[in-house]
Amino acid sequence: MEIIIRFLQENPVQFLATIGMDGKPKVRPFKFRLEEDNRLWFCTSNRKDVYNELKNHPHVELSVASPRETWIRLAGIAVFENNLAVKQKMIDSDESLRAQYRTADNPVFEVFYIDQAVATIAAFTGLPPKKFFL
């Protein structure tokens, strides 16, 4: 898990793929926020399309590449949880989240983790991909 967390932290702009409400794929920039209880946590607003997409079709894939031409694909199931401790840690550690949501108990502030996560690390070098079951 440490290698995955480090990779996500070192490459902070990731891309999250969801199934849109129209049944078509949607991809958007996203950001890994926190590892807590052996879970990879993310956040969004329940006013955004991505929230409804994840609630209706929770299977997701996140992808990010590094300048060294290696990348991760992280696939799994988005699970929303009203976890105030996780929300507070996110708010405390990120000024932009604090500015946007102000408090951990903001009713539009949602957090989710990726359950049944499988991370694949690969590179353009041709080495075989490595899988990690988180």
Side-chain angles (χ1 to χ4, degrees):
M1 174 91 86
E2 303 253 343
I3 191 170
I4 306 304
I5 294 166
R6 188 172 348 120
F7 196 96
L8 294 173
Q9 289 171 334
E10 290 174 357
N11 302 283
V13 179
Q14 296 110 34
F15 291 89
L16 182 73
T18 61
I19 300 169
M21 299 305 286
D22 59 1
K24 297 177 182 175
K26 307 294 180 202
V27 178
R28 66 193 38 86
F30 232 76
K31 185 175 182 182
F32 164 70
R33 297 293 179 169
L34 175 67
E35 183 275 326
E36 183 74 20
D37 299 326
N38 288 320
R39 294 176 174 165
L40 303 176
W41 289 89
F42 302 82
C43 67
T44 191
S45 165
N46 59 25
R47 294 182 177 161
K48 292 183 177 180
D49 290 343
V50 68
Y51 175 77
N52 291 320
E53 292 165 6
L54 292 171
K55 292 295 277 187
N56 284 289
H57 305 285
H59 289 270
V60 298
E61 189 160 277
L62 184 94
S63 183
V64 61
S66 79
R68 298 178 308 276
E69 298 186 340
T70 58
W71 66 88
I72 285 182
R73 284 192 340 255
L74 176 68
I77 299 171
V79 176
F80 284 89
E81 184 176 291
N82 189 22
N83 188 318
L84 282 175
V86 166
K87 289 179 177 183
Q88 191 63 55
K89 284 184 178 184
M90 288 183 188
I91 292 283
D92 290 344
S93 67
D94 190 301
E95 188 175 319
S96 66
L97 289 179
R98 226 176 4 264
Q100 184 175 2
Y101 297 111
R102 298 200 176 284
T103 64
D105 61 352
N106 184 323
V108 302
F109 184 33
E110 302 285 350
V111 295
F112 66 95
Y113 63 90
I114 306 297
D115 195 25
Q116 301 175 31
V118 177
T120 305
I121 297 179
F124 286 115
T125 61
L127 292 175
K130 294 180 184 175
K131 286 197 179 217
F132 300 85
F133 298 90
L134 311 177

Can a donor-acceptor pair be found, under 3.5 Å and without considering hydrogens, that links the side chain of Glu61 to the backbone of Arg73? no
Is the backbone N or O of Pro12 less than 3.5 Å from a side-chain atom of Gln9, with the two atoms forming a donor-acceptor pair by type? no
If we only count heavy atoms from C-beta on, is the Ile91 to Thr103 side-chain gap below 4.5 Å? no
CG of Leu16 to OG1 of Thr44, rounded to nearest 0.5 Å, is 9.0 Å
Same apolar cluster: Trp41 and Val79, side chain cutoff 4.5 Å: yes
Same hydrophobic cluster for Ile5 and Val60, using side-chain heavy-atom links shorter than 4.5 Å among ILVMFWY? yes
Exercise: identify the closest heavy-atom pair between Cys43 and Val111: CB-CG1, 4.0 Å
Specify the closest pair of heavy atoms between Gly20 and Lys26, including all atoms of both residues, with the distance to one decimal. CA-CG, 3.7 Å
Any side-chain heavy-atom pair of Met90 and Phe109 under 4.5 Å: yes
To the closest 0.5 Å, what do you measure between OG (Ser66) and CG (Leu8)? 11.5 Å
Separation between CG of Asn52 and NE2 of His57, rounded to the nearest 0.5 Å: 10.5 Å
Between Thr18 and Arg28, is any side-chain donor less than 3.5 angstrom from a side-chain acceptor? yes
Is the closest side-chain heavy-atom distance between Leu62 and Ile72 below 4.5 Å? no
For Thr120 versus Pro129, what's the shortest heavy-atom pair and its separation? CG2-CB, 3.7 Å
Do the side chain of Arg98 and the main chain of Asp92 share a donor and acceptor less than 3.5 angstrom apart? yes
Got Leu40 and Tyr113 here, is their nearest side-chain heavy-atom distance under 4.5 Å? no
Should the pair Glu110-Lys55 be classified as a salt bridge under the 4.0 Å nitrogen-to-oxygen rule? no
Among Phe80, Tyr51, Phe112, which residue meets the ring-ring contact (aromatic ring centres under 6.0 Å, His included) test with Phe42? Phe112
Is Val13 reachable from Val27 through a run of hydrophobic residues whose side-chain heavy atoms are each under 4.5 Å from the next? yes
Given side-chain contact (heavy atoms from CB on, under 4.5 Å), test Leu84 with Asp105 step by step and report yes or no. CA-CA 7 Å; Leu84 282 175; Asp105 61 352; 4.2 Å; yes
Spacing of CG belonging to Asn11 relative to CZ belonging to Arg6, to within rounding of 0.5 Å: 11.5 Å
Taking the side chain as everything from C-beta on, heavy atoms only, tell me whether Phe132 gets closer than 4.5 Å to Met1. no
Any heavy-atom pair between the side chains of Met21 and Asn56 that's under 4.5 Å? yes
Should Asp94 and Arg33 count as an ion pair when the cut-off is N to O under 4.0 Å? yes
Given side chains that start at C-beta, do those of Lys87 and Leu97 come closer than 4.5 Å, heavy atoms only? no
Count the heavy atoms belonging to other residues, nucleotides or ligands that lie under 6.0 Å from CG of Asp22, then report whether that count exceeds 12. yes
Taking the basic N atoms (NZ, or NE/NH1/NH2) and the acidic carboxylate oxygens, is any pair closer than 4.0 Å for Glu36 and Lys89? yes
Quick check for you: to the nearest 0.5 Å, what is the distance between Leu54 atom CG and Ile114 atom CD1? 7.5 Å
Evaluation steps, side-chain contact (heavy atoms from CB on, under 4.5 Å), between Phe32 and Val64: CA-CA 11 Å; Phe32 164 70; Val64 61; over 6 Å; no
Going through the checks in order, is the side-chain contact (heavy atoms from CB on, under 4.5 Å) test met by Leu134 and Leu74? CA-CA 10 Å; Leu134 311 177; Leu74 176 68; 3.9 Å; yes
